[in-house]
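Here the structure comes first, spelled out in structure tokens, and everything after it is commentary.
Nothing here was measured: the structure is a model prediction, and the numbers come from that model.
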Amino acid sequence: MENIKLIIDSSSNMKSDPDHNVEVVPLTISFGGKDYIDDQNLNIREFLNDMNQNQVAGKTTCPSIQAWLNALEGTEKAIIITMTSGMSGTFSSALQAKTMYEEKHPTSQIIVVDSRSAGPELTIVLHRIEKMIQGDIRFVDLEEVIAKFRMRTHLLFILQSLHNLSLNGRVSPAAAKVAGLLKINLIGTASKEGKLEPLTKARGMKKAMRELLKYMKDDNYHGGEVIIDHCENEKDAEIIKDKILAEYPDAQVTIRPMRGLCSFYAEEGGIMVGFHE
């Protein structure tokens with residue numbers, strides 16, 4: 001198939017890769033009177049230190065329409081993958097950019113994919129799209145095939161800190177404090193509607209990891225690709241990887257550090273696991 005540009009937002013925890021025609025469009029995180037652009041220049045350690053000292057609600061801002069247009073410039077065919085429309089205007093701004101770009105370039109063809117997720121699940125989808133476009137599938141058929149593939153990808157996560165969730169009114173400050181004192185971790189998932197929802201709680205990381213692996217099986221995991229993204233917690237990410245490979249030795253399992261957007265929500269110690277069944 002002819003050259004197709006792949007564009008994805010920074011919630012994917014990816015970095016731009018010109019060699020593979022992949023461009024990452026950053027979101028912006030704001031707190032404490034400062035804006036943090038979630039690109040390759042963001043120092044995650046400094047970002048986390050600032051975030052840990054912050055005591056007021058922060059916010060995230062989706063890429064502008066112009067940012068998407070800049071990424072599309074010069075392309076005839078492109079596929080954009082965005083974080084869930086259930087939590088962000090990112091999909092909407094990308095869709096508007098598609099319309100504007102196609103009006104200005106009538107021969108162009110742009111597909112915009114709402115991942116209904118965040119973090120590593122976006123990269124799982126992108127990896128499969130890369131394989132699709134290396135085959136003989138027609139561009140006009142890609143959107144339907146991608147949608148079918150997405151039905152078999154999943155996201156699970158473990159949160160060790162609820163500090164930001166309490167600041168943003170998602171949980172009470174008292175509950176966040178008790179969870180921290182008792183080392184209670186939250187295990188959650190991306191729902192079919194594209195919301196990040198809690199599944200259960202576990203006291204201690206060992207139990208939390210056992211619960212996560214159990215939920216992977218509940219989601220019909222049978223050895224597909226896995227990407228484990230962590231926020232300054234490579235040790236636990238390696239443990240999860242080892243446990244997956246012990247049962248599925250042929251599985252492709254990758255460990256990566258989170259970028260800014262996912263670190264803002266998952267916080268230090270957080271784990272996100274994206275996988276294909």
Side-chain angles (χ1 to χ4, degrees), residues 8-16 24-68 70 82-94 115 117-122 155 157-181 183-190 194-198 229-234 236-237 256-272 274:
I8 196 165
D9 68 59
S10 64
S11 77
S12 63
N13 295 318
M14 292 186 66
K15 294 183 180 180
S16 294
V24 177
V25 178
L27 286 90
T28 302
I29 307 110
S30 305
F31 56 83
K34 187 175 178 181
D35 294 335
Y36 300 83
I37 309 299
D38 190 16
D39 61 16
Q40 67 275 9
N41 298 314
L42 180 64
N43 184 309
I44 296 298
R45 186 63 263 171
E46 290 180 5
F47 172 78
L48 290 172
N49 289 341
D50 292 348
M51 194 170 75
N52 290 337
Q53 294 170 18
N54 177 55
Q55 296 299 326
V56 296
K59 66 174 184 176
T60 59
T61 306
C62 69
S64 66
I65 295 172
Q66 188 59 52
W68 293 116
N70 292 345
T82 77
M83 71 178 293
T84 174
S85 61
M87 291 186 63
S88 170
T90 303
F91 174 72
S92 177
S93 67
S115 71
S117 189
E121 189 176 352
L122 272 72
L155 175 74
F157 57 85
I158 300 173
L159 305 184
Q160 293 198 54
S161 170
L162 305 181
H163 174 70
N164 264 351
L165 290 178
S166 68
L167 289 179
N168 289 279
R170 301 291 180 92
V171 299
S172 72
K177 187 174 182 179
V178 169
L181 289 171
K183 298 189 181 302
I184 294 173
N185 303 308
L186 179 69
I187 299 94
T189 188
K195 301 285 187 180
L196 299 185
E197 297 181 344
D229 290 347
H230 67 90
C231 184
E232 301 288 288
N233 190 8
E234 188 171 359
D236 287 333
R256 313 180 303 180
M258 290 183 196
R259 302 300 303 156
L261 192 283
C262 285
S263 294
F264 179 73
Y265 287 110
E267 300 192 60
E268 197 155 349
I271 297 278
M272 301 177 78

Open item on the list: Test of understanding: with side chain to side chain contact (heavy atoms under 4.5 Å, CB included), list the residues that count as partners of Ser12, not counting sequence neighbours.
Closed with: Ile8, Met14, Leu122, Thr123
TODO: For Gln53, enumerate each residue passing the side chain to side chain contact (heavy atoms under 4.5 Å, CB included) test, keeping only those at least two apart in sequence or located in another chain.
DONE: none
Task: With sequence neighbours excluded, residues passing side-chain hydrogen bond (donor to acceptor under 3.5 Å, both in side chains) with Ser10 - done: Asp38
TODO: With rounding to the nearest 0.5 Å, note down the distance linking CD1 in Ile44 to CE in Met258.
DONE: 10.5 Å
TODO: Not counting sequence neighbours, which residues clear side chain to side chain contact (heavy atoms under 4.5 Å, CB included) with Ser161? List them please.
DONE: His163, Glu267
- [ ] Heavy atoms only: give me the nearest Phe264-Ile29 pair and the separation to one decimal.
- [x] CD1-CG2, 3.5 Å
Open item on the list: Nearest 0.5 angstrom please: Leu186 CG to Ile158 CD1, how far?
Closed with: 9.5 Å
Task: Shortest non-hydrogen contact from Pro63 toward Leu27 - done: CD-CG, 3.6 Å
Open item on the list: If you compare all heavy atoms of Leu159 against all heavy atoms of Tyr265, which two are closest, and at what distance to 0.1 Å?
Closed with: CD2-O, 4.1 Å
- [ ] Report the residues that fulfil side chain to side chain contact (heavy atoms under 4.5 Å, CB included) with Ser92, sequence neighbours left out, ordered by chain and then residue number.
- [x] Gln96
TODO: Any chance you could measure Gln55, atom CD, to Phe31, atom CZ, to the nearest 0.5 Å?
DONE: 11.5 Å
TODO: Could you tell me which non-hydrogen atom of Ser88 sits nearest to which non-hydrogen atom of Cys62, and how far apart they are?
DONE: OG-CB, 3.9 Å
Open item on the list: By the salt bridge (Lys or Arg N to Asp or Glu O under 4.0 Å) test, which pairs, at least two apart or in different chains, include something from residues 40-55?
Closed with: Arg45-Glu232, Arg45-Glu268
Task: Gap separating the CD1 atom of Ile271 from the CD atom of Glu234, nearest 0.5 angstrom - done: 9.5 Å
- [ ] To the nearest 0.5 Å, tell me how far Lys34 NZ sits from Asn54 CG.
- [x] 12.0 Å
Open item on the list: Looking at every non-hydrogen atom in both residues, tell me the closest pair between Asp229 and Gly119 and how far apart they are.
Closed with: OD2-C, 4.2 Å
Open item on the list: Please give me the minimum heavy-atom distance between Ser93 and Ile65, naming the atom from each residue.
Closed with: O-CG1, 3.8 Å
Task: With Asn41 via side-chain hydrogen bond (donor to acceptor under 3.5 Å, both in side chains) - residues at least two apart - done: none
Open item on the list: To the nearest 0.5 Å, what is the distance between CZ on Arg256 and SG on Cys262?
Closed with: 8.5 Å
TODO: Would you check, one step at a time, whether the test side chain to side chain contact (heavy atoms under 4.5 Å, CB included) holds for Arg259 with Lys15?
DONE: CA-CA 9 Å; Arg259 302 300 303 156; Lys15 294 183 180 180; 4.1 Å; yes
Open item on the list: Test your reading of the model: is there a side-chain donor-acceptor pair from Ser115 to the backbone of Thr82, 3.5 Å cut-off?
Closed with: yes
Open item on the list: So, using side-chain hydrogen bond (donor to acceptor under 3.5 Å, both in side chains) as the criterion, who are the partners of Asp9 when residues are at least two apart?
Closed with: Ser11
- [ ] Could you check Asn43 against Tyr36 for side chain to side chain contact (heavy atoms under 4.5 Å, CB included), going step by step and ending with a plain yes or no?
- [x] CA-CA 10 Å; Asn43 184 309; Tyr36 300 83; over 6 Å; no
TODO: Return yes if some donor-acceptor pair links the side-chain N/O of Thr189 with the main-chain N/O of Leu155 below 3.5 Å, else return no.
DONE: yes
- [ ] Go through the structure and list residues passing side-chain hydrogen bond (donor to acceptor under 3.5 Å, both in side chains) with Gln40, not counting sequence neighbours.
- [x] none
TODO: State which residues pass ring pair (Phe, Tyr, Trp, His ring centres under 6.0 Å) with Phe91; sequence neighbours excluded, sorted by chain then number.
DONE: none
TODO: Could you check if a side-chain atom of Asp236 sits within less than 4.5 angstrom of a side-chain atom of Gln160, using non-hydrogen atoms only?
DONE: yes
